[in-house]
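Below is one structure; the comments refer to it alone.
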Amino acid sequence: FKSLIIFNYLHIFFSSGCAIIRPPRDGGIRYRGLTQEQIRSVQVLPVDYEIEYICRGNRVIVGPKVRKCLPDGTWTDLNQRSKCCMLRPLDSCVLYIGALFPMSGGWPGGQACLPAAQMALDLVNKRTDILPDYELELIYYDSMCDPGEATKLLYDLLYTEPIKIVLMPGCSSVSTLVAEAARMWNLIVLSYGSSSPALSNRQRFPTFFRTHPSATLHNPTRVQLFQKWKWTKIATIQQTTEVFTSTLDDLEQRVKEAGIEISVRQSFLTDPAVAVKNLKRQDARIIVGLFYETEARKVFCEVYKEKLYGKKYVWFLIGWYADNWFKIKDPSINCTVEQMTEAVEGHVTTEIVMLNPETVRGASNLTSQEFLAQLMSKLGGKNPEETGGFQEAPLAYDAVWALALALNKTVGPLKAKGRRLEDFNYNNKDITAEIYRALNTSSFEGVSGHVVFDAQGSRMAWTLIEQLQGGSYKKIGYYDMTKGNLSWYGNDRWIGSDPPADQTVVIQKFRYLSQKLFVSVSVFAGLGILMGIVCLTFNIYNSNVRYIQNSQPYLNNMTAVGCMMALAAVFPLGIDGLHVRNSQFPVVCQFRLWLLGLGFSLAYGSMFTKIWWVHTVFTKKDEKKDKRKQHLEPWKLYATVGVLLVIDILSLMIWQIVDPLHITVEKFTKEAPKGDVDQLIEPLLQHCSSEKMNTWLGVVYGYKGLLLLLGIFLAYETKSVSTEKINDHRAVGMAIYNVSVLCMITAPVTMILSSKQDASFAFASLAIIFSVYITLVVLFVPKMRRLITRGEWQSDQQETMKTGSSTNNNDEEKSRQLERENKELQKIIQEVLCHLHFVHLLSVHLSHERSIDFMDSKFNVKNYFISDLKTMW
């Protein structure tokens, strides 16, 4: 009509009269007073000339029956259309459906879908309860499943009378073209054979519906199966085509919502070898494959080569391959039929249910089997496997019924608005909106199953689930997406006893300290503590003995206590998760740190104090004599130990307040257990650690390392010093040598061996034990031996009992007393020596009596000499 109006307006400028107009479909025009030859030759009719519309058969004119040529070159009532409608029990009008059925080309689905659609039209037109005032008529062309050809045919459908109320394309490529253009003419598009997920885009295709489910309909079924078999990790491999890419994008979104991870995503264009190898390398187990049948053979040939099949793997494929697709000889692969059969065994397929499996009568009052029987009769006995679109024929049949029921639903709302379906034109959005609303709410039982559309206009249908068992497909269940109902037969079969795991099962196993080693070391530590108690008891009991007093017994007591604390640290060093809960483990860490830190400060600090004092007092030669006579003040020694102890306590407190120790778990490389078990062992090891562990250890090791080095230096410097005020400083120096060497070796080695719990514990604990044993033996055993062999403690005790006083035991007092006695003895010895010398002189003259008499008379020596001898005697 647009072209007719334009033509009439042009005619005004070139001639007087009206141009001939085209007759309605299924009708003609009666030209009064003109013969057939005149009608073919005349192009313009004069003013006031009248034409009359006529219809064929039992059709009648709806609209103006007669039109008159006006002086302005137009016909009367051009704003009203004239139609030929079929005469039914009530006067009815024909509604035209423009359809594209691919009778040839890549998918010749029209071969079976067109007869099925015509069967549906015949039944609809015979029903008096569906569109009683209308008749549906199909105007169709062969699109050859070619978008280019479809473009030309779409133009003919749109610009050729009559007006089509709905368009029905077939394959996806043609539907994409038609659906994108249809909104410009306010046309609803209802497809029966399009599966592309791209057509679910409502913004791009706002008026598109389809009874063929989208290829993404497989995805809800796959997700349901993943959840049924408790799989949370899958892999995918796809052929790089639009339909599979869109399907995979939808699958990715759905599994994400279900809490399932796509760990590996591979794609290929023609050669899947690299993609399959990547699946194997990344330990893919549950694999979704999206590719055409020819590529499927290539994929599974590579699967056989990579051994990516068997009881550890499950493949999900598309169900519309031929049942024997893996047995078909293909020159593009180099695998035998036996190898292919072995590789595909056990895979699962999902296929859209296009024929209702239940025996129910739907809107057409036919069961699915009755429909197939009538379709076979209409096809004239053709082989279904050789007839294109035979599987999709139920979808075309239900598409016509969905349209008829939707149009029937719009009659009432349009009548209430004073409109009718036959008033539809390409500029009428109201009627289009009513048809859209009716289709969007469609819900009925068809021969393909329950027909309902989702928000994107795609069919929601059942999915058939099959598994290849023994070389043939077995039905194992159905999934109804509309109700979320999984019908399961329970006949699924696996190479193993159960469905495989979605990944290698990783069993986390903690590494614990060898209990034999722990018990053995604990025995030695316990004996060391007992030895420390004996030494401490001995030192306290014999603290009155002069020899013990000269060794500064209080410092030795500190050394013994520190050694016992260090040995006590061996026990928490060996306690791990096998003995305590994780919540208690930080307490064990604290015991390790504090016992070892304070034990070291007491034991080593007391020895360091001794050696430091000896070095301070006795190594300066010019002041050596005076300083030896200085009085030793014990409180200075105790203060030095206290300072070292306070430094340790403060540093440990700051550490634990700022960055407290907590449990950390070290993970090791996974290990495969013995046997054909789909498991890996991941060893774990518990550690005591903090956020800045290395920094704190660096501070502590640096401080104590300097003390050890300084101790070695002082011991070397004082090795030749001899003093009774600290009589065991040489033994202390020897102990410092041993402790320093062991500590300097143990600290870095234990850090290196931290991941080997047995070696680390053995090295650290034995270093502690050896250090303690050496220290106790060097310091206390010589004292015990001396007191036992010489009996010095007995004589000192007896002397103390005789004097009745045990309080005057100060070393300096005894030293002064000995000096006084020594001076008295020296005087006596000098007098005796003088007398002896004088006696010797006199003895020379004893033989001479005269001399004696003379001397006696002169000097009275004789009596003096005799008396003096008596006195000396």
Side-chain angles (χ1 to χ4, degrees), residues 195 213-237 247 250-251 254-255 258 260 284-291 293 296 299-300 303 308-327 340-360 368-369 391 394 448-450 459-503 678:
S195 63
S214 169
T216 59
L217 191 66
H218 297 267
N219 293 334
T221 308
R222 289 167 180 148
V223 172
Q224 187 72 17
L225 293 177
F226 298 156
Q227 293 175 331
K228 172 180 174 58
W229 288 318
K230 297 180 175 58
W231 292 329
T232 59
K233 192 174 183 180
I234 65 170
T236 62
I237 178 173
T247 302
D250 178 78
L251 176 63
R254 291 180 185 272
V255 297
I260 300 171
R285 299 302 181 88
I286 312 304
I287 308 168
V288 178
L290 301 173
F291 28 72
E293 181 178 320
V299 169
F300 275 88
V303 166
L308 200 64
Y309 65 93
K311 68 178 183 178
K312 297 181 181 180
Y313 305 95
V314 178
W315 282 83
F316 282 80
L317 302 181
I318 302 169
W320 39 258
Y321 300 162
D323 287 348
N324 63 340
W325 64 271
F326 53 92
K327 297 180 180 179
M340 292 290 291
T341 303
E342 181 181 351
V344 300
E345 179 65 23
H347 77 263
V348 177
T349 65
T350 53
E351 182 179 358
I352 304 301
V353 176
M354 298 182 185
L355 189 67
N356 198 335
E358 299 178 357
T359 306
V360 294
S368 57
Q369 297 303 317
Q391 287 186 334
S448 63
H450 188 71
R459 168 78 179 278
M460 299 172 66
W462 283 34
T463 308
L464 170 64
I465 307 166
E466 294 183 318
Q467 185 182 39
L468 189 68
Q469 299 177 1
S472 61
Y473 286 101
K474 305 292 183 184
K475 295 179 181 179
I476 60 176
Y478 287 93
Y479 180 66
D480 183 3
M481 180 183 174
T482 60
K483 301 177 181 178
N485 181 36
L486 179 64
S487 302
W488 198 249
Y489 295 167
N491 60 338
D492 50 315
R493 194 170 68 188
W494 307 97
I495 298 176
S497 57
D498 297 310
D502 57 0
Q503 56 187 321
D678 190 20

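Atom set for the values below is all heavy atoms of this structure, side chains included, hydrogens, waters and symmetry mates excluded. The first residue of the sequence shown is numbered 1, and numbering continues consecutively from there.
- Val344 is listed as a side-chain neighbour of Trp325, based on a closest heavy-atom distance under 4.5 Å.
- With contacts defined as side-chain heavy-atom distances shorter than 4.5 Å, the pair Thr247/His218 does not qualify.
- Taking Arg285 as the reference, Asp283, Asp678 meet the salt bridge (Lys or Arg N to Asp or Glu O under 4.0 Å) condition, with sequence neighbours excluded.
- Summarising the geometry, atom OG1 belonging to Thr216 is positioned 9.5 Å from atom CZ belonging to Arg222; distances are rounded to the nearest 0.5 Å.
- You'll find the side chain of Phe226 stays beyond 4.5 Å of the side chain of Thr232, heavy atoms only.
- Of the possible polar contacts, none joining the Trp231 side chain to the Ile260 backbone as a donor-acceptor pair under 3.5 Å is found.
- Between Thr236 and Phe316, the closest side-chain pair of non-hydrogen atoms is not below 4.5 Å.
- Using a 4.5 Å heavy-atom threshold, the side chains of Leu225 and Tyr479 count as separate.
- Counting heavy atoms from C-beta on, the side chains of Trp494 and Val314 come closer than 4.5 Å.
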What do the steps show when you test Ile287 against Leu308 for side chain to side chain contact (heavy atoms under 4.5 Å, CB included), and what is the final call?
CA-CA 10 Å; Ile287 308 168; Leu308 200 64; 3.8 Å; yes
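- Glu342 and Tyr309 are linked by a side-chain donor-acceptor pair at a separation below 3.5 angstrom, with hydrogens and angles left out of the test.
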What's the verdict on side-chain hydrogen bond (donor to acceptor under 3.5 Å, both in side chains) for Asp480 and Ser487, showing C-alpha distance, side-chain angles and the deciding distance?
CA-CA 8 Å; Asp480 183 3; Ser487 302; over 6 Å; no
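- Between the CD atom in Gln224 and the CE atom in Met481 there is a gap of 11.0 Å [rounded to 0.5 Å].
- Considering Tyr473, Tyr313, Trp315 in turn, Tyr473 is the only one that fulfils the side-chain hydrogen bond (donor to acceptor under 3.5 Å, both in side chains) rule with His347.
- Qualifying side chain to side chain donor-acceptor pair (under 3.5 Å) partners for Gln469, counting only residues two or more places apart in sequence or in other chains: Gln467.
- Taking CZ of Arg493 as the start and NZ of Lys474 as the end, the distance is 8.0 Å to the nearest 0.5 Å.
- Partners of Ser368 under the side-chain contact (heavy atoms from CB on, under 4.5 Å) rule, at least two apart in sequence or in another chain, are Leu355, Asn356.
- Evaluation of the salt bridge (Lys or Arg N to Asp or Glu O under 4.0 Å) rule for Glu358 yields no partner, not counting sequence neighbours.
- With sequence neighbours excluded, the residues that form a side-chain contact (heavy atoms from CB on, under 4.5 Å) with Glu351 are Gln391, Leu464, Glu466.
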I'd like to know whether Phe291 forms a side chain to side chain contact (heavy atoms under 4.5 Å, CB included) with Leu317, so could you lay out the CA-CA distance, the side-chain angles of the two residues, the decisive distance to 0.1 Å, and finally the verdict.
CA-CA 8 Å; Phe291 28 72; Leu317 302 181; 3.8 Å; yes
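- Counting heavy atoms from C-beta on, the side chains of Thr359 and Gln369 never come closer than 4.5 Å.
- Closest heavy-atom contact between Phe326 and Gly471: CZ-O, 3.6 Å.
- Ile352 and Ala461 make their closest contact through CG2-CB, 4.4 Å (heavy atoms, listed as atom of the first residue, atom of the second, distance).
- A distance of 7.5 Å separates CG in Leu290 from CG in Leu251, rounded to the nearest 0.5 Å.
- Atom CD1 of Ile476 and atom OG1 of Thr349 lie 8.0 Å apart (nearest 0.5 Å).
- Looking at every heavy atom in both residues, Tyr489 comes nearest to Gly477 through CD1-N, 4.1 Å.
- Nearest heavy-atom pair, Ala258 versus Val223, reported as atom, atom and distance to 0.1 Å: CB-CG1, 3.8 Å.
- Asn491 places a side-chain N or O within 3.5 Å of a backbone atom of Lys475 that can act as its donor or acceptor partner.
- A pairwise comparison of heavy atoms in Pro500 and Lys311 identifies CB-O, 3.1 Å as the closest pair.
- Heavy atoms only, all atoms of each residue included: Pro394 and Met354 are closest at CB-O, 3.0 Å.
- Expressed to the nearest 0.5 Å, how far CD1 of Ile286 lies from NZ of Lys233 amounts to 11.5 Å.
- Listed by chain and number, the residues in a salt bridge (Lys or Arg N to Asp or Glu O under 4.0 Å) with Asp250 are Arg254 (sequence neighbours excluded).
- For the pair Ile465 and Trp488, the minimum side-chain heavy-atom distance is below 4.5 Å.
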